[in-house]
Amino acid sequence: MSDATDPWLIVGLGNPGPEYAANRHNVGFMVADLLAERIGGKFKRAQKAQAQVVEGRMGPPGPANRRVILAKPMSYMNLSGGPVTALRDFYKVPTDHIVAIHDELDIDYGALRLKLGGGDNGHNGLKSMTKAMGADYHRVRFGIGRPPGRMPVADFVLKDFSSTERKELAYLVDRAADSVECLLAEGLERAQSAYNS
C-alpha cells in the first residue's frame, strides 16, 4: 500500500511527433505540457524508458506537497504500457499513485471524469497500460465526444480539434490540469466532486 511520501507518476497519453500534436488523441500530452509549465520544468528524455519526463513538486507547501514525475510516453499510444511500467519501476511508484490523462469518446467534449481502476473502454493506451501492470491506477478522462455521422473512430481521434472546439480547448486543458493537482493534494473523492461533469 502506498503512503504520503511515495512519488506520483502523472502520464499524459498521446502519440509522439509534430503531425499528431494537435490531435484529439493527444489531449493527454497537452495537459502534461501545461502541468510541466506550472511546476517550472522542461521535458527531457528519460534514462530508463522510452519517454520524456519532468521531475518536480506539485501542490501547496506542507504535507500536501507531492513529489511528481510527469511523463509522456514516446512509444505510440498502443504501446504506452512498456514506458509507463519502466518509469514506475525506476521511480518506485505504487500503481495507485499513477495517473493516466487521456481522451475519452463516451463523454461529451470537455467534460471530465476522474476515477480509480476500471476497464479501458477500447482505448489503446489504457489497454496497453492495464495489460502491463493491472488496472489499479487513476484516470483523468477528458471527453472528446463521438465522431460525427459514420466517421471511423480511428480517423476521429487522429484529427485535430475543430475550430469551434479550439475556442474552449485552452480553458478545458487548464481545468483538467487543475483536477490533477486537486487529486494529488486532496484525494480522489474531493477531485471527483469538484471536477466530474
Quick check: do L105 and P147 have side-chain heavy atoms less than 4.5 Å from each other? yes
Using distance alone, with no hydrogens and no angle criterion, decide if Y109 and E168 have a side-chain donor and acceptor under 3.5 Å apart. no
I need the L188 CG to R139 CZ distance, nearest 0.5 Å. 11.5 Å
Check: R146 and V153 side chains under 4.5 Å, non-hydrogen atoms: yes
Are there over 12 heavy-atom neighbours, none belonging to K131, within less than 6.0 Å of that residue's NZ? no
Between the main-chain N or O of R190 and the side-chain N or O of S193, is there a donor-acceptor pair closer than 3.5 Å? yes
Qualifying salt bridge (Lys or Arg N to Asp or Glu O under 4.0 Å) pairs, either residue in residues 8-31, two or more places apart: R24-E165
Test item: N23 side-chain N/O and L158 main-chain N/O as donor-acceptor pair under 3.5 Å: yes
Qualifying residues under side chain to side chain contact (heavy atoms under 4.5 Å, CB included), relative to S179, sequence neighbours excluded: L112, L114, V140, Y195
All side chain to side chain contact (heavy atoms under 4.5 Å, CB included) counterparts of N121, not counting sequence neighbours: E104, D106, R141
If we ignore hydrogens and angles and just use 3.5 Å, is the side chain of N65 paired with the main-chain N or O of G59 as donor and acceptor? yes
Using only atom types and a distance under 3.5 Å, with no angle test, would you say the side chain of S80 pairs donor to acceptor with the backbone of G125? no
Could you list the residues that satisfy side chain to side chain contact (heavy atoms under 4.5 Å, CB included) with P152, not counting sequence neighbours? D155
Any side-chain heavy-atom pair from Y91 and V53 closer than 4.5 angstrom? yes
Solution key, residues 37-45 side-chain donor-acceptor pairs under 3.5 Å, sequence neighbours excluded:
| from | atom 1 | to | atom 2 | distance (Å) |
| --- | --- | --- | --- | --- |
| R38 | NH1 | D178 | OD1 | 2.8 |
| R38 | NH1 | E181 | OE2 | 3.2 |
| R38 | NH2 | D174 | O | 3.2 |
| R38 | NH2 | D174 | OD1 | 2.8 |
| R38 | NH2 | D178 | OD1 | 2.8 |

All ring-ring contact (aromatic ring centres under 6.0 Å, His included) counterparts of H123, not counting sequence neighbours: H25, H102
Please test N196 against R113 for side chain to side chain donor-acceptor pair (under 3.5 Å), starting from the C-alpha separation and ending with a verdict. CA-CA 5 Å; N196 276 14; R113 301 270 168 78; 5.9 Å; no
So M30 and D33, do their side chains get closer than 4.5 Å, heavy atoms only? no
May I ask you to check whether over 12 heavy atoms, not counting those of D89, lie within 6.0 Å of atom CG? yes
